[in-house]
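Quick notes on the structure that follows.
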There are 2 protein chains.
Amino acid sequence: MEQQLTIKQIAQLAGVSVGTVDRVLHNRGKVSDKALAAIQAVLDTQSYKYNIHTSAVAFKKTGKSLHLLISIPSSEKGEYWDLVKSGLDRALREYGDISINYEYRFFDQFSSLSCHEVFEAVASQSCSAVILGTTFIEETRELCCRLDERGVPYVFVDGSVPGTHPVGTFMVDQSVCGRLLARLMDGLTPADTDIAVLLPRRIGTQMSNNSALRLQAFRDFFAENRSGRVIQEGFFSVANSPDGASELDSFLESNPRIGGIAVVISAGYRVADAVSAAGRKGIVIGGFDITEGNARCVRAGTIDFLINQHPDRQGFYAVESLLHYLLYGAPDKNMRQLLPIDIVFLENL
Amino acid sequence: MEQQLTIKQIAQLAGVSVGTVDRVLHNRGKVSDKALAAIQAVLDTQSYKYNIHTSAVAFKKTGKSLHLLISIPSSEKGEYWDLVKSGLDRALREYGDISINYEYRFFDQFSSLSCHEVFEAVASQSCSAVILGTTFIEETRELCCRLDERGVPYVFVDGSVPGTHPVGTFMVDQSVCGRLLARLMDGLTPADTDIAVLLPRRIGTQMSNNSALRLQAFRDFFAENRSGRVIQEGFFSVANSPDGASELDSFLESNPRIGGIAVVISAGYRVADAVSAAGRKGIVIGGFDITEGNARCVRAGTIDFLINQHPDRQGFYAVESLLHYLLYGAPDKNMRQLLPIDIVFLENL
DNA sequence: CTTTTCAATGTGTCCGCACACAAAGGTAGA
DNA sequence: TCTACCTTTGTGTGCGGACACATTGAAAAG
């Protein structure tokens, strides 16, 4: 509604030239105390907001171009990290007006060695900023130290790492996810049945940090809750093996009172497929994220609900905020975010 | 990544001047077939995308300013239409770089007369575009006819009206909302209890279209569903009267097997307050939208879940898309949207 | 053949900002 | 006093697009 304050107006009001105002706003020095005070006085009276459009246009003229390095786990199409990537891509496309160069550096989410190697390359490559998928805490911390030294800004997607200094973090609260999973399982299954919570079994890797947080919150919910439900913890194999199905089979046979199965990772569709292959009906299954496999199962009715972390949105915001930071410097309040969590049933898929 | 194609480049490739290219892109006539063909040829080869930043900047120079009329129901702070308004406001703020003037025209959502009068004023006022909250179908249709005649574009928020020609519609699917409500009530209540669905009782007004759609979908769900649950339909008063509570009291007494109450409008907190005032516990209550009252009840544990239509998002997108349309003419694919529906529990509020 | 007319096309200016560069003011050493 | 040098300040240019306006060219009218 109101006319936006422009640099020129500030200059006029403060009795200096636009160049000086520009220097103050970007605090790139060489300004006398007097000029600074005069400009500050104006800024205190009226609030100034960058015009992102003109900023972006002027940025082009500088000929500079931003170089982003994006290092996240590789992933099959439609799986979790591919959804993150699609959000990143969407943002990069949307902000294509600004000239941005970017490179993906994928690592194996189950191999800390792979992560280490890739991060090594990232650390030694020159760039404007880095976007990191936080899977391996130690490796990430190490990389961040080196980036800090070089003064290269970075943002996290899907997790945070204590002791680092990212300019942004985009994640959901895993404890909330776990409690929500628990609450829904508790509510959606008959009170006289048991509830199973299934964890991925992987050879030679420990559980991911996110899964562990979810599991803990899941346990906590029932520990605090007076419902007295019995929780059975079990494992399933994420690999495509016949063993996986039979393992689940025997789990269900030894726990015949199971009324619901909660899966703490995004591979819930594997469990759902095994359960329906076993001909078991009436078991409520809940999992995480609208991956292709999960979406298929929800449509087929074999998965009852999903807790969606909006991986694509996380990716999108990461790029958006980072660009904002790089162009306007101001580390704005949107940079550290716990994003909202959605619950998805067949109807609102 | 790749360099964006500019008007200047197109002009060069087609062997014409930027002015001609500009005329073609905005199809504002006066272009020879030859020039048109040449430019088309270039556009077929490489795809051109407006640079929104420079577009916006150039728009300023024209000195034109957009005039938006926004006519939606008035609402208490924190209630449904106030949430819509906050989304509209947010978008108007975010796009403040472009010089936009806007005026709100509120009407009483329970009075078709009020709506008629306000729409009358809207119809006769000059403006660039109109945003309408579709509450009264007939009145809206009439207004749209007059806007169509004048060539004034308009978008709808929260509903559609057959026989009109909006450039955009931002709503959620009410049938999906109703089914989701039914599915959640069915799943979250013990199978041996009855389910109540409560409708607002208002003096002298009929049920809103949205409520009716939700109710129908709710009924359909249980009609198709083999669960054999008993559904009790009842009324509650939206006014702040002691009668409201006692009415609900007697409803609950005459239906002692009620295990869950579904409220098809966003005033669920009134029901929840009455139920807890009556000292009734263990009844699952589900409602619509994160209004202030509903949020309070979810936090207090008196409402179990909400189906959130994201009214703020609807408002935001309405403004955003409309501006896109006004500035670039292209009625893009984002203009007709069924927005996603969220489910909200205490944990992910 | 000249003048008028008008569609088709080209040119120039500005939007607000970023930054390079030029200019001005001040201080110190010769 | 003058030059050298540094700090502070001002000016000019261009980013890509939008549109007013000037220009061209060819057909129609005189």
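Numbers restart at 1 for each chain; the letters A, B, ... are given by sequence-line order, proteins then strands. Nothing here was measured: the structure is a model prediction, and the numbers come from that model.
For B:Gln12, the CD atom sits in a loose shell: 12 or fewer heavy atoms of surrounding residues, nucleotides or ligands are nearer than 6.0 Å. Applying the 6.0 Å contact sphere to CG of B:Asp44 captures more than 12 heavy atoms from other residues, nucleotides or ligands. At most 12 non-hydrogen atoms from other residues, nucleotides or ligands lie less than 6.0 angstrom from NZ of A:Lys8. Remark: B:Lys77 NZ is loosely packed, at most 12 non-hydrogen atoms of other residues, nucleotides or ligands lying under 6.0 Å away.
Listed nucleotides: C:dA20, C:dG16, C:dT9. Nearest to the side chain of A:Arg23: C:dA20. Which of C:dT9, D:dT11, C:dG16 sits closest to the side chain of B:Val31 comes down to C:dT9. Among C:dA18, C:dT11, D:dC19, the nucleotide with an atom closest to any side-chain atom of B:Arg28 is D:dC19. Side-chain proximity of A:Ile7 to the nucleotides D:dG16, C:dG10, C:dC17 is greatest for C:dC17. Here the nucleotide nearest the side chain of A:Ser17, chosen from D:dT9, D:dG16, C:dA7, is D:dT9. Candidate nucleotides C:dG16, D:dC19, C:dT9 were compared by shortest atom distance to the side chain of B:Ser32, and C:dT9 ranks first. Comparing atom distances between the A:Ser55 side chain and each of C:dA18, D:dT9, D:dC15 picks out C:dA18 as nearest. Checking D:dC19, D:dG14, C:dC14 against every side-chain atom of B:Lys61, the shortest atom distance belongs to C:dC14.
A:Val57 comes within 4.0 angstrom of a base, heavy atoms only. Using a 4.0 Å heavy-atom cutoff across all strands shown, B:Ala56 reaches no nucleic acid atom at all. Residue A:Lys64 is in sugar-phosphate contact alone, with no base atom involved, counting any heavy-atom pair closer than 4.0 Å across all strands shown. Contacts of A:Tyr50 with the nucleic acid, taken as non-hydrogen atoms under 4.0 Å apart, involve only primed sugar atoms and P, OP1 or OP2.
Under a 3.5 Å cut-off, the side chain of A:Gln314 and the backbone N or O of A:Val157 do not form any donor-acceptor pair. When atom types are taken as modelled, the side chain of A:Arg150 and the backbone of A:Ala123 share a donor-acceptor pair closer than 3.5 angstrom.
Atom CG in B:Asp22 sits about 16 Å away from atom P in C:dA8, given to the nearest Å. Whole-Å rounding puts the A:Ile98 CD1 to D:dG16 C1' distance at 14 Å. Regarding B:Leu36, its CG atom lies at a distance of 9 Å from the P atom of C:dT9, rounded to whole Å. In this structure, B:Lys60 places its NZ atom 12 Å from C1' of C:dC17, rounding to the nearest Å. We find that CG of A:Asn27 is positioned 15 Å from C1' of C:dC19, with the value rounded to whole Å. Distance, B:Asn51 CG to D:dG14 P: 19 Å, rounded to whole Å. Look at CG on B:Leu327: it is 10 Å from P on D:dC19, rounded to the nearest Å. Separating the CD atom of A:Gln12 from the C1' atom of C:dG16 is a distance of 15 Å, rounded to the nearest angstrom.
Under 4.0 angstrom from either OP1 or OP2 of C:dG16 there lies no side-chain N or O belonging to A:Tyr48. Phosphate contact (OP1/OP2 of C:dG10, side-chain N/O of B:Thr20, threshold under 4.0 Å): present.
Of the two residues contacting DNA chain C, namely B:Val16 and A:His53, the nearest-nucleotide position lying further toward the 5' end is that of B:Val16.
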